[in-house]
Amino acid sequence: MPELPEIESLRRQLSRVLKGENIGKAEVYDRKIGRLPDLQGRTVAAVRREGKALWVDLGGDLALRLHMRMSGRLLWRAGGGARPAHTRFCLFFRTGELLCVDPRRFATLEARRTEEDTAAAPDALQVKDAAWLQKAAQGRRLPVKTFLMDQRILTGIGNIYACEILYDAAVDPHRAARSVSRREWRRITEAMARVLKTAVKCRGTSISDWRDLHGEKGEFQNRLQVYDRSGQTCRRCGGTVQRTVLGGRGTYFCPSCQR
DNA sequence: CCCTATGTTCCCAA
DNA sequence: CTTGGGAACATAGG
């Protein structure tokens with residue numbers, strides 16, 4: 001479920017709660033999520049984000065890499081108590097517990113060496129160069145929306161924010177990436193920064209079950225312009241928001257003002 | 001039974 | 001070899 005703004009919200013909250021704290025023990029309840037070495041006594045040095053993945057640096061060369069995929073959630077609680085359904089692992093600290101809950105079991109957890117952090121593609125919040133995007137899109141016939149969601153090109157954008165960004169930029173998500181003009185790439189670049197920064201400030205989009213580290217809803221669902229609004233009136237031009245499918249994902253856009 | 005779901009990866013055909 | 005589309009992964013909810 002989580003995209004860049006949701007993961008960035010988790011990162012900030014995790015950093016505040018975990019930095020400098022020592023791990024008492026780690027328990028994995030679902031082997032499918034991954035395996036862990038003995039982490040007893042390890043200290044959290046930093047929490048970083050790489051696209052939609054979280055890195056928990058544990059000093060030395062050791063780090064945990066966590067990816068929430070579709071339904072993963074992290075929950076911090078000061079006290080103990082019964083584990084929620086679908087809890088996949090737990091890290092215990094003197095100050096509380098960090099639980100990972102993931103109904104669909106797509107999330108991944110791995111212990112890795114810090115140097116294995118091989119960030120190849122730039123973070124969507126760092127991309128400010130329309131010319132660079134246009135170059136990357138050169139010759140590509142795939143829909144511009146699918147292009148923006150390709151984590152090998154740039155990282156962090158998922159289905160909701162791809163829809164919102166293209167709406168903000170007034171570009172039709174079906175357009176072949178290579179057909180997008182420089183002016184349109186400029187609009188997309190600006191929309192990307194605007195939408196993602198605002199969504200981070202709102203601590204993400206709680207459309208169904210996204211909750212932050214402390215179980216709180218985000219606020220960006222109140223500011224969505226197209227996502228999940230099919231059949232409703234476009235706030236910009238009065239047209240009707242349509243839903244189509246691109247790359248197997250529900251895609252929302254306004255055919256009258258996104259060209 | 002059908003469809004949908006904030007993600008990634010694999011397979012296949014062109 | 002590259003590109004793009006679709007299925008698969010696993011589970012819950014409407």
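Just so it is clear: chains get the letters A, B, ... in the order the sequence lines come, proteins before strands, and each one is counted from 1.
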Residues clustered with A:Tyr29, ILVMFWY side-chain links under 4.5 angstrom: A:Phe92
Contact interval (first through last nucleotide) of DNA chain C with protein chain A, 4.0 Å heavy-atom: C:dG4 to C:dA12
For A:Arg49, all residues meeting salt bridge (charged side-chain N to carboxylate O under 4.0 Å, His left out), sequence neighbours excluded: A:Glu8, A:Asp123
Between CZ on residue A:Arg12 and CG on residue A:Leu213, distance to nearest 0.5 Å: 14.0 Å
Whole-Å C1' distance, B:dT6 and C:dG4: 23 Å
Pairs involving residues 233-259 of chain A, ordered by first then second residue, that meet ring-ring contact (aromatic ring centres under 6.0 Å, His included) (sequence neighbours left out): A:His174-A:Phe253, A:Tyr227-A:Tyr252
Sugar-phosphate, base or nothing in reach of A:Gly247, heavy atoms under 4.0 Å: nothing
P spacing across the pair B:dT8 / C:dC1, given as an integer number of angstrom: 25 Å
Note: A:Arg203-A:Glu6 ion pair, threshold 4.0 Å (strictly below): no
Between A:Thr251 and A:Lys145, a side-chain donor and acceptor under 3.5 Å: yes
Cationic N near anionic O, under 4.0 Å, A:Glu184 to A:Arg182: no
Inter-nucleotide P distance (C:dA10, B:dC11), Å rounded: 15 Å
Pair A:Gln13-A:Asp212, side-chain donor/acceptor within less than 3.5 Å: yes
Within residues 131-142 of chain A, residues whose heavy atoms come under 4.0 Å of DNA chain B: none
All stems with DNA chain C, defined as three or more consecutive Watson-Crick or G-U pairs under 3.5 Å: B:2-5 with C:11-14, B:7-14 with C:2-9
Side chain to side chain donor-acceptor pair (under 3.5 Å) partners for A:Gln232, two or more places apart: A:Arg229
Salt bridge (charged side-chain N to carboxylate O under 4.0 Å, His left out) partners for A:Glu21, two or more places apart: A:Arg94
Sugar-phosphate, base or nothing in reach of A:Arg105, heavy atoms under 4.0 Å: sugar-phosphate
A:Pro143 vs A:Pro173 side-chain heavy atoms within contact, under 4.5 Å: no
Side chains of A:Trp55 and A:Glu50, donor plus acceptor under 3.5 Å: yes
Sub-4.0 Å heavy-atom contacts from residues 189-208 of chain A onto DNA chain B, ordered by number: A:Thr205, A:Ile207, A:Ser208
Working for side-chain contact (heavy atoms from CB on, under 4.5 Å), residues A:Cys100 and A:Met68: CA-CA 9 Å; A:Cys100 174; A:Met68 313 312 288; 4.1 Å; yes
Which side-chain N or O atoms in residues 104-111 of chain A pair as donor and acceptor under 3.5 Å with protein atoms at least two apart or in another chain?
from: A:Arg105; atom 1: NE; to: A:Asp30; atom 2: OD2; distance (Å): 2.9
from: A:Arg105; atom 1: NH2; to: A:Asp30; atom 2: OD1; distance (Å): 3.2
from: A:Glu110; atom 1: OE2; to: A:Arg112; atom 2: NH1; distance (Å): 3.3

Opening and closing nucleotides of DNA chain B in contact with chain A, under 4.0 Å to non-hydrogen atoms: B:dT4 to B:dT8
Interface residues of residues 156-182 of chain A with DNA chain B (non-hydrogen, below 4.0 angstrom): A:Gly158, A:Asn159, A:Ile160
Reference residue A:Ile160; test side-chain contact (heavy atoms from CB on, under 4.5 Å); the match among A:Gln221, A:Glu3, A:Arg249: A:Glu3
